[in-house]
**Q** 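The structure follows.
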Amino acid sequence: MYIKPHISTSRDAVYHELKEQILQLDLLPGTVISEKEISVKFNVSRTPVRESFVQLSQEGLLDIYPQRGTVVSLIDLQLVEEARFIREQLERAVISLACANFPAESFQMLLSNLAQQQISMREQDFKMMFELDEAFHRTIFVGCRKLNTWAVIQQINVHLNRTRMLRLAADHRWDELYDHHQQMVEAIELHQVGKAEQLMNTHLHLTIADQAILKEKFPAYFK
């Protein structure tokens, strides 16, 4: 789940807003943006915009070409796969912990999240579904007291998250995603470690299956 931090400076405000727009596909891969355009839009000087561009470039979300302009980076499938690999190892380990011992309060949060996922499915709200998907996984980490591990995942997740958002936007058949989440909750409740790990493995491998379809449907968005 993307949680906006406390905004203390103009640079922070521009950075976080642009990052959210890129991750939510409001700014599509390959979109050209300029310091002047963004400074006018946010009513700030070019300095905080320039600093935000540099930070987003370091995170792989913008490509800055001197004398030519700045472009929202294309999605790098090699980085997507590496992020998926790292996430799979950590998420399988954490859901195993959850099966052994998981707080009742966190379990109720998972149930509430599932109910909200059903609403987003009925409304076909892909941004809401993405946020709920993130919140579901984050809740498992929080319940296992592994929030710092979740923070590590977020640092390598930007390209992966854009493919996940693109998949949700392009295909509103989210039943398989929901079913995996529901079965994970059941596995946690019944302390079924092996089943939970296998479910998480299958769940995160959906990204691999989606890549070929997305690249064929949106070739201009990928490197």
Side-chain angles (χ1 to χ4, degrees), residues 1-29 31 33 48-64 70-98 106 109 113 127 129-169 177 181 184 197 200-201 203-208 210-211 214 221-223:
M1 182 178 184
Y2 180 68
I3 300 176
K4 287 186 180 180
H6 175 69
I7 304 300
S8 58
T9 66
S10 296
R11 186 200 65 81
D12 289 341
V14 174
Y15 163 76
H16 289 296
E17 182 60 31
L18 284 177
K19 183 172 184 176
E20 185 169 19
Q21 288 183 18
I22 294 170
L23 294 179
Q24 294 194 350
L25 302 178
D26 295 324
L27 285 173
L28 292 168
T31 300
I33 59 176
V49 175
R50 187 177 303 115
E51 292 172 347
S52 299
F53 279 15
V54 170
Q55 187 169 353
L56 290 166
S57 174
Q58 291 170 345
E59 294 179 16
L61 291 174
L62 290 180
D63 292 325
I64 300 174
T70 299
V71 180
V72 177
S73 68
L74 300 181
I75 298 170
D76 187 329
L77 288 178
Q78 184 173 340
L79 294 177
V80 170
E81 169 53 23
E82 187 171 4
R84 185 212 59 78
F85 174 80
I86 293 171
R87 185 163 179 168
E88 179 188 334
Q89 310 313 309
L90 294 175
E91 293 231 29
R92 286 180 62 184
V94 169
I95 201 168
S96 176
L97 294 176
S106 294
M109 289 175 67
N113 184 288
K127 291 183 179 179
M129 189 63 175
F130 177 85
E131 292 294 335
L132 289 169
D133 187 3
E134 282 289 275
F136 180 91
H137 290 265
R138 183 179 186 273
T139 298
I140 298 175
F141 280 76
V142 172
C144 295
R145 298 184 178 182
K146 294 291 182 287
L147 191 53
N148 285 334
T149 308
W150 177 255
V152 169
I153 288 176
Q154 297 313 298
Q155 293 173 14
I156 50 87
N157 240 3
V158 289
H159 287 277
L160 175 59
N161 281 349
R162 286 201 290 170
T163 61
R164 290 170 57 214
M165 185 72 81
L166 190 59
R167 188 266 183 187
L168 291 172
L177 185 68
H181 288 158
M184 286 179 202
E197 289 184 352
M200 187 64 76
N201 181 71
H203 183 67
L204 293 174
H205 271 75
L206 287 177
T207 304
I208 297 176
D210 291 338
Q211 284 178 16
L214 292 175
Y221 296 168
F222 294 89
K223 288 186 177 180

**Q** To the nearest 0.5 Å, what is the distance between CG (Leu61) and CD (Gln58)?
**A**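 Answer for the CG-CD pair, Leu61 versus Gln58, is 11.5 Å.
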**Q** Could you state the interatomic distance from OG1 (Thr149) to CG (Leu97), rounded to the nearest 0.5 Å?
**A**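 Result: 9.5 Å between the selected atoms.
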**Q** Could you note down all residue pairs passing side-chain hydrogen bond (donor to acceptor under 3.5 Å, both in side chains) where residues 74-83 supplies at least one of them, sequence neighbours left out?
**A**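 Pairs touching residues 74-83 that pass the test: Glu81-Arg84.
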**Q** Mind running side-chain contact (heavy atoms from CB on, under 4.5 Å) on Arg87 and His137 for me, showing each step along the way?
**A** CA-CA 11 Å; Arg87 185 163 179 168; His137 290 265; 3.7 Å; yes
**Q** Can you name the ring pair (Phe, Tyr, Trp, His ring centres under 6.0 Å) partners of Phe141, sequence neighbours left out?
**A**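 Partners of Phe141 under the ring pair (Phe, Tyr, Trp, His ring centres under 6.0 Å) test: Trp150.
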**Q** Give, for atom CZ of Arg138 and atom CG of Asn113, the distance between the pair rounded to the nearest 0.5 Å.
**A**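 Reported to 0.5 Å precision, the distance equals 12.0 Å.
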**Q** What are the two closest non-hydrogen atoms of Met200 and Met184, and how far apart are they?
**A**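 Looking at all heavy atoms of both residues, the shortest contact is CE-SD, 3.8 Å.
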**Q** Could you walk me through whether Gln154 and Asn157 pass the side-chain contact (heavy atoms from CB on, under 4.5 Å) check?
**A** CA-CA 5 Å; Gln154 297 313 298; Asn157 240 3; 3.7 Å; yes
**Q** Between Gly60 and Ser73, which heavy-atom pair has the shortest distance, and what is it?
**A**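 Distance-wise, the nearest heavy atoms are O-OG, 2.6 Å.
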**Q** I want to check something: taking the side chain as every heavy atom from C-beta on, are Glu131 and Gln24 in contact at a cut-off of under 4.5 Å?
**A**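 Yes, their side chains come closer than 4.5 Å.
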**Q** Quick one: closest heavy-atom pair of His159 and Leu74, and the distance?
**A**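 Minimum heavy-atom separation between His159 and Leu74: CE1-O, 3.6 Å.
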**Q** Holding to ring pair (Phe, Tyr, Trp, His ring centres under 6.0 Å), I want the full list of residues that pass it with Phe53, two or more places apart in sequence or in another chain.
**A**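 Residues passing ring pair (Phe, Tyr, Trp, His ring centres under 6.0 Å) with Phe53: none at all.
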**Q** At their closest point, which heavy atom of Val158 faces which heavy atom of Glu59, and how far apart are they?
**A**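 Of all heavy-atom pairs spanning Val158 and Glu59, the closest is CG2-O, 3.5 Å.
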**Q** Scan residues 139-163 for pairs that pass salt bridge (Lys or Arg N to Asp or Glu O under 4.0 Å), counting only residues two or more places apart or in two chains.
**A**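 As it turns out, there is no salt bridge (Lys or Arg N to Asp or Glu O under 4.0 Å) pair with a partner in residues 139-163 once direct neighbours are skipped.
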**Q** Evaluate the side-chain proximity of His181 to Asp133: yes if any heavy-atom separation is below 4.5 Å, no if none is.
**A**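 They are in contact (side-chain heavy atoms under 4.5 Å apart), so the answer is yes.
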**Q** Quick one: list whatever passes side chain to side chain contact (heavy atoms under 4.5 Å, CB included) with Glu51, sequence neighbours left out.
**A**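 Glu51: side chain to side chain contact (heavy atoms under 4.5 Å, CB included) contacts with Arg11, Thr47.
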**Q** What do the steps show when you test Thr70 against Leu56 for side-chain contact (heavy atoms from CB on, under 4.5 Å), and what is the final call?
**A** CA-CA 11 Å; Thr70 299; Leu56 290 166; over 6 Å; no
**Q** CG/Leu160 to CD1/Ile86 distance, rounded to the nearest 0.5 angstrom?
**A**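 Rounded to the nearest 0.5 Å, the CG-CD1 separation comes to 10.5 Å.
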**Q** Give a yes or no answer on whether the side chain of Thr31 reaches the backbone of Val72 with a donor-acceptor pair at less than 3.5 Å.
**A**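 Between the backbone of Val72 and the side chain of Thr31 there is no qualifying donor-acceptor contact (under 3.5 Å).
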**Q** Does some side-chain heavy atom of Asn161 sit less than 4.5 Å from a side-chain heavy atom of Glu134?
**A**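 The answer is yes; the side chains approach within 4.5 Å.
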**Q** Rounded to the nearest 0.5 Å, what separation is found between the OG1 atom of Thr139 and the CG atom of Leu147?
**A**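 One gets 10.5 Å once the value is rounded to the nearest 0.5 Å.
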**Q** Please give me the minimum heavy-atom distance between Thr163 and Leu214, naming the atom from each residue.
**A**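 That closest heavy-atom pairing would be O-CD1, 3.6 Å.
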**Q** Under the 3.5 angstrom rule, does the side chain of Ser52 hit a backbone N or O of Pro48 as a donor-acceptor pair?
**A**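 It does hold such a pair.
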**Q** Lys127: which residues meet the side-chain hydrogen bond (donor to acceptor under 3.5 Å, both in side chains) condition with it, sequence neighbours left out?
**A**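 With neighbours one apart ignored, the set is Asp26.
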**Q** Any non-hydrogen side-chain atom of Leu166 less than 4.5 Å from a side-chain atom of Phe222?
**A**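 Yes - at least one pair of side-chain heavy atoms lies under 4.5 Å apart.
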**Q** Between OH of Tyr15 and CD of Gln55, what distance do you get to the nearest 0.5 Å?
**A**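 The distance works out to 4.5 Å.
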**Q** Stepwise, does the side-chain contact (heavy atoms from CB on, under 4.5 Å) test hold for Arg92 with Asn201?
**A** CA-CA 7 Å; Arg92 286 180 62 184; Asn201 181 71; 4.0 Å; yes
**Q** Provide the closest heavy-atom pair for Val94 versus Cys144 in the form atom of the first, atom of the second, distance.
**A**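 Result for this residue pair: O-SG, 3.5 Å.
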